[in-house]
Protein chains: 2
Amino acid sequence: MRTANRRPGGRSAGVKPGGRAAPRHETTADRIKDYILGEGLQPGDLLPTEAELCEHLGVSRSNVREAVRQLTTLDIVEVRHGHGTFVGNMSLDALVESLVFRGVLVPGDDLRALREVIDLRLTLDLAMAERIVDAFRGTTNPELHALVKEMVAKATSGSPFPDEDRAFHTGLLARLDNSLVGQLVGAFWDVHTAVVPKLGVSVAVDLERTARAHGEMLEAAEAGDPERFRLAVTTHYEPIQRSLDERAK
Amino acid sequence: MRTANRRPGGRSAGVKPGGRAAPRHETTADRIKDYILGEGLQPGDLLPTEAELCEHLGVSRSNVREAVRQLTTLDIVEVRHGHGTFVGNMSLDALVESLVFRGVLVPGDDLRALREVIDLRLTLDLAMAERIVDAFRGTTNPELHALVKEMVAKATSGSPFPDEDRAFHTGLLARLDNSLVGQLVGAFWDVHTAVVPKLGVSVAVDLERTARAHGEMLEAAEAGDPERFRLAVTTHYEPIQRSLDERAK
DNA sequence: GCCGATTTGTGCGTATGTATG
DNA sequence: TCATACATACGCACAAATCGG
């Protein structure tokens, strides 16, 4: 089922072909986006104050505030209290927040959304295996090895290592010519870490095995062996998937 | 005109451990989300009016409106003018809008974001090949065949077929046990169709070849042949990818 | 088809907290 | 410390849209 009449890309004019009227704050948001594009502003650049935007766009403060709020949600703009409004970094935080809420909303199967997210991470890691090993073949990556070492150390002491885990996976995908994949996987990882505590479930995993699988992935990539890399990826996801499967039934 | 101005003598919530203050509308949005979860509301259910939310949450209407605007952007709630506020259908429209804007923002390489999106669609279609053919093996799917027929007919007459194309791909992935994949691919498709006109590029593709590749994908899936399916997928994306590569040069 | 009740959309004035100089 | 600029927040009045009688 698809959302019938929605206009994801936005529109500069106030009406759409169907004849339906668009709320003013929607068009105001689009006009602010057009302003950013027209001025060629980049992430971090300063935007006009709300008052200036009101005058420039000919709308009220309430209107620009709601438009700015919408753009803030999408990380297209970023507001700092008492300082000003800036162009945002275009992160995928909106996707994260959306998926997190859906993950805790689904009533019947609490873990379905979480399983789907992890399944998608596994799928992408496997699908990118060739490209990753091609990018890492014959290279040395001290920063990634340091992350693995840190993860192993924390695993042996029984403490989790969420930050290193995320940095490792995004570090692997950062070498690709497709930056969207890395950002998506990072977003899915954020969904994972945000949903788990909200569900009140303790997903116990084999920390040491997970940590060592990271090292195996990195070595396989540097050795240029796609098959070994895929095997390490599968091993890496085994603990968390088994933990979820046990809880599901 | 002094009216009841609540004094924040005791802040109930709104401060984060770091000491930094959290904007009120952020906490208001979270409280609305908590209300939805607490009441067990499902997509389409009616929410209290803005006035009732103001009273219930103890904040002003402006604040409620900004919070609702944020939730509207994420498709967590849906507002209908003069009717009411409802729980949204949790689509990935926010992701679409975010990616579309980023796609047109990148200054140097206009088509990079578009190429990444299409590359990701291709990757997901290929990665899901086994599961798709497993789901379709030995089945008959008149509605998908009808879509293919429609696409071929439009292709021979020289007209594009965006709606049928999208419906076909999401229809294939709808059979999977992972609904997130289908929604993601649909979102990427929307990004594609929204970005192309904004960039002012006419991505000329071989319509007939694309249309026939859809039929080949469906038949391969029904025949239970993953390799044939993957080949059809690759053929399907060839025209658009070549068109993009030529433009990128 | 009109009317009125309900609900969201918009504009405006004002007060407050915060960062900068 | 004070002054200025700005974002944040509140409250009200009116406009526009929707639905039911």
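Protein chains get the first letters and strands the later ones, always in sequence-line order, with residue 1 at the start of each. From a predicted model like this one, the values you see are computed outputs, not experimental measurements.
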*Asks:* Checking side-chain polar atoms at under 3.5 Å, does Gln183(B) have a donor or acceptor matched by the opposite partner on Arg102(A)?
*Replies:*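 Gln183(B) vs Arg102(A): donor-acceptor pair found between side chains.
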
*Asks:* When you measure from every atom of DNA chain C, which of residues 53-63 of chain A have a heavy atom less than 4.0 Å away?
*Replies:*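 Here the set is Ser60(A), Ser62(A), Asn63(A).
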
*Asks:* Please list, chain by chain and in numerical order, all residues satisfying side chain to side chain contact (heavy atoms under 4.5 Å, CB included) with Pro162(B), sequence neighbours excluded.
*Replies:*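 So Pro162(B) forms a side chain to side chain contact (heavy atoms under 4.5 Å, CB included) with Pro160(B), Trp189(B).
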
*Asks:* Once you round it to whole Å, what is the distance between P of dC6(D) and CD of Glu50(A)?
*Replies:*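 One finds 11 Å between P of dC6(D) and CD of Glu50(A), rounded.
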
*Asks:* Quick check on dT8(D): is either OP1 or OP2 less than 4.0 Å from any side-chain nitrogen or oxygen of Arg65(A)?
*Replies:*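 Yes, Arg65(A) has a side-chain N/O under 4.0 Å of OP1/OP2 on dT8(D).
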
*Asks:* Does Glu97(A) have any salt bridge (Lys or Arg N to Asp or Glu O under 4.0 Å) partners at least two apart in sequence or in another chain, and if so, which?
*Replies:*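 Listed in chain order: Lys33(B).
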
*Asks:* Measure CD/Glu66(B) against P/dT10(C) and give the value in whole Å, please.
*Replies:*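 From Glu66(B) CD to dT10(C) P: 13 Å.
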
*Asks:* Can you tell me if Arg24(A) touches the phosphate of dG11(C), counting only side-chain N or O atoms and a distance under 4.0 Å to OP1 or OP2?
*Replies:*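 True: Arg24(A) side-chain N/O within range (under 4.0 Å) of dG11(C) OP1/OP2.
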
*Asks:* In chain order, what residues pass the side chain to side chain contact (heavy atoms under 4.5 Å, CB included) check against Ala135(B), with sequence neighbours excluded?
*Replies:*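 Residues passing side chain to side chain contact (heavy atoms under 4.5 Å, CB included) with Ala135(B): Arg175(B).
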
*Asks:* Between Arg69(B) (CZ) and dT8(C) (P), how many Å, whole number?
*Replies:*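 In whole Å, dT8(C) P lies 11 Å from Arg69(B) CZ.
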
*Asks:* Tell me: CZ of Phe86(A) to P of dA19(C), nearest whole Å?
*Replies:*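 Atom CZ in Phe86(A) sits about 13 Å away from atom P in dA19(C).
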
*Asks:* Quick one: list whatever passes side chain to side chain contact (heavy atoms under 4.5 Å, CB included) with Ala211(A), sequence neighbours left out.
*Replies:*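 For Ala211(A) the side chain to side chain contact (heavy atoms under 4.5 Å, CB included) partners, ignoring immediate neighbours, are Met151(A), Val152(A), Ala155(A), Phe161(A).
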
*Asks:* Which nucleotide wins on minimum distance to the side chain of His81(B), given the candidates dG11(C), dA7(D), dG9(C)?
*Replies:*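 Nearest listed nucleotide: dG9(C).
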
*Asks:* Less than 4.0 angstrom between a side-chain N/O of Thr49(B) and OP1 or OP2 of dT6(C), yes or no?
*Replies:*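 So the side-chain polar atoms of Thr49(B) never come under 4.0 Å of the phosphate oxygens OP1 or OP2 of dT6(C).
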
*Asks:* Less than 4.5 Å apart, any side-chain heavy atom of Asn89(A) and any of Glu78(A)?
*Replies:*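 Yes, at least one pair of side-chain atoms sits under 4.5 Å.
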
*Asks:* From CD of Glu26(B) over to C1' of dA9(D), roughly how many Å is that when rounded to an integer?
*Replies:*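 Answer to the nearest Å: 14 Å.
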
*Asks:* Check every atom of dT8(C), dG11(C), dT8(D) against the side chain of Val79(A) and return the nucleotide holding the closest atom.
*Replies:*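 Looking only at side-chain atoms, Val79(A) lies closest to dT8(D).
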
*Asks:* Which pairs pass salt bridge (charged side-chain N to carboxylate O under 4.0 Å, His left out) with one or both residues in residues 181-190 of chain A, sequence neighbours excluded?
*Replies:*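 Residue pairs passing salt bridge (charged side-chain N to carboxylate O under 4.0 Å, His left out), neighbours aside: Arg166(A)-Asp190(A).
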
*Asks:* Is there a side-chain contact between His83(A) and the phosphate of dA7(D), meaning an N or O under 4.0 Å from OP1 or OP2?
*Replies:*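 No, outside the criterion.
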
*Asks:* Can you tell me how far P of dT18(D) sits from CG of Leu46(B), to the nearest Å?
*Replies:*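 Between P of dT18(D) and CG of Leu46(B): 16 Å.
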
*Asks:* Take the protein atom CG of Leu47(B) and the nucleotide atom C1' of dT6(C), then report the distance between them rounded to whole Å.
*Replies:*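 In whole Å, dT6(C) C1' lies 16 Å from Leu47(B) CG.
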
